[in-house]
Amino acid sequence: EVQVVESGGGLVQPGGSLRVSCEVSGLTFTRDVYIDWLRQAPGKGLEWVGNIMLDGTEKNYVDSVRGRFTFSRDNAKNSLYLQMNDVRAEDTAVYYCARGFGSAWNFVWGQGTTVTVSS
Amino acid sequence: IVMTQTPLSSPVTPGQTVSISCRSSESLVHSDGNTYLSWLHQRPGQPPRLLIYKTSNRFSGVPDRFSGGGAGTDFTLEIIRVEADDVGVYYCVQVTQRPHTFGQGTKLEIK
């Protein structure tokens, strides 16, 4: 069974940086397997932030975060990371990692971690 | 691709049938022949759960009261014999193209 657990959320000032983690179990870090990052602002709908192929060779970002957010992975720790730089108030959201919501293959969706951008 | 859901809110009586529409601004037929349109259900304070994938396939454990249909740019989620536990927000999402995009969500409320 595939499981993901997010951590690392918190309060960050506008223009600051924060790194959120996603620990993955039950899934091999190989090619052609993606983990998606999504977010949900308070009281709002779901937004896809981007995804990373688990071998690290492909990363995709939504336009609103490209150049500010970076995905990375650490195979030894079975973990993925979302590095958030130059954050803005509109980045305030619950951040989720997930996969398989398109094909149902190894579907999983984490509980999320909350990031608040405020001075 | 812009995803448009209607209605945005739907008050229903237990036992009734509800239908949610999702329209995409472009065809969701992938080059591999599949149509990657999914439906998710999110209860308050919970992460979303997968209901339907590839337009009409029910995910494991989802009751057969839930069904998905459609093609091209027009899709529907139907829930028959609505139960109190069905409350929450329903989202359609397209995974055919990046960026993956969601509908605004339809809030299902029990009268």
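- In this structure, B:Tyr91 is a member of the same hydrophobic cluster as B:Leu108, with clusters built from ILVMFWY side-chain heavy atoms closer than 4.5 Å.
- Annotation: side chain of B:His100 is not in contact with side chain of A:Leu38 (no heavy-atom distance under 4.5 Å).
- Within the 4.5 Å cutoff, no side-chain heavy atoms of B:Thr101 are placed close to those of A:Glu47.
- Options A:Leu46, A:Asp36, A:Val108, A:Asn60 differ in how many heavy-atom pairs under 4.5 Å they form with chain B, and the most are formed by A:Leu46.
- Residues of residues 63-81 of chain A having a heavy atom under 4.5 Å from any heavy atom of chain B: none.
- Proximity to chain B (any heavy atom under 4.5 Å) is shown, for A:Phe101, by both the backbone and the side chain.
- By number of non-hydrogen pairs under 4.5 angstrom with chain A, the leading residue of B:Pro99, B:Gly103, B:Pro48 is B:Pro48.
- B:Ile20 is connected to B:Val62 through a chain of hydrophobic side-chain contacts under 4.5 Å among Ile, Leu, Val, Met, Phe, Trp and Tyr, so both are in one cluster.
- Only the side chain of A:Gln40 has a heavy atom closer than 4.5 Å to any heavy atom of chain B.
- Two different hydrophobic clusters hold A:Phe107 and A:Leu54 under the rule that ILVMFWY side chains link at heavy-atom gaps under 4.5 Å.
- In this structure, B:Gln42 and A:Tyr96 approach most closely via the heavy-atom pair NE2-OH, 3.6 Å.
- The part of B:Leu40 that comes within reach of chain A is its side chain, from C-beta onward, which places non-hydrogen atoms under 4.5 angstrom from that chain.
- For the atom pair CZ of B:Arg98 and CH2 of A:Trp48, the computed distance is 6.0 Å after rounding to the nearest 0.5 Å.
- Of all the heavy atoms in A:Gly100 and B:Leu50, the pair that sits closest is O-CD2, 4.0 Å.
- Transitive grouping of hydrophobic side chains (ILVMFWY, heavy atoms separated by less than 4.5 Å) keeps B:Val2 and A:Val62 in distinct clusters.
- Of all the heavy atoms in A:Gly110 and B:Pro47, the pair that sits closest is O-CB, 3.2 Å.
- For B:Lys107, the NZ atom counts as loosely surrounded, since its 6.0 Å shell holds 12 or fewer non-hydrogen atoms of other residues, nucleotides or ligands.
- Taken together through direct or relayed side-chain contacts under 4.5 Å among Ile, Leu, Val, Met, Phe, Trp and Tyr, A:Val94 and A:Val117 form parts of separate hydrophobic clusters.
- In this structure the side chain of B:Tyr53 never reaches within 4.5 angstrom of the side chain of A:Ser103, judged on heavy atoms.
- In this structure, B:Arg49 places its CZ atom where more than 12 heavy-atom neighbours from other residues, nucleotides or ligands lie under 6.0 Å away.
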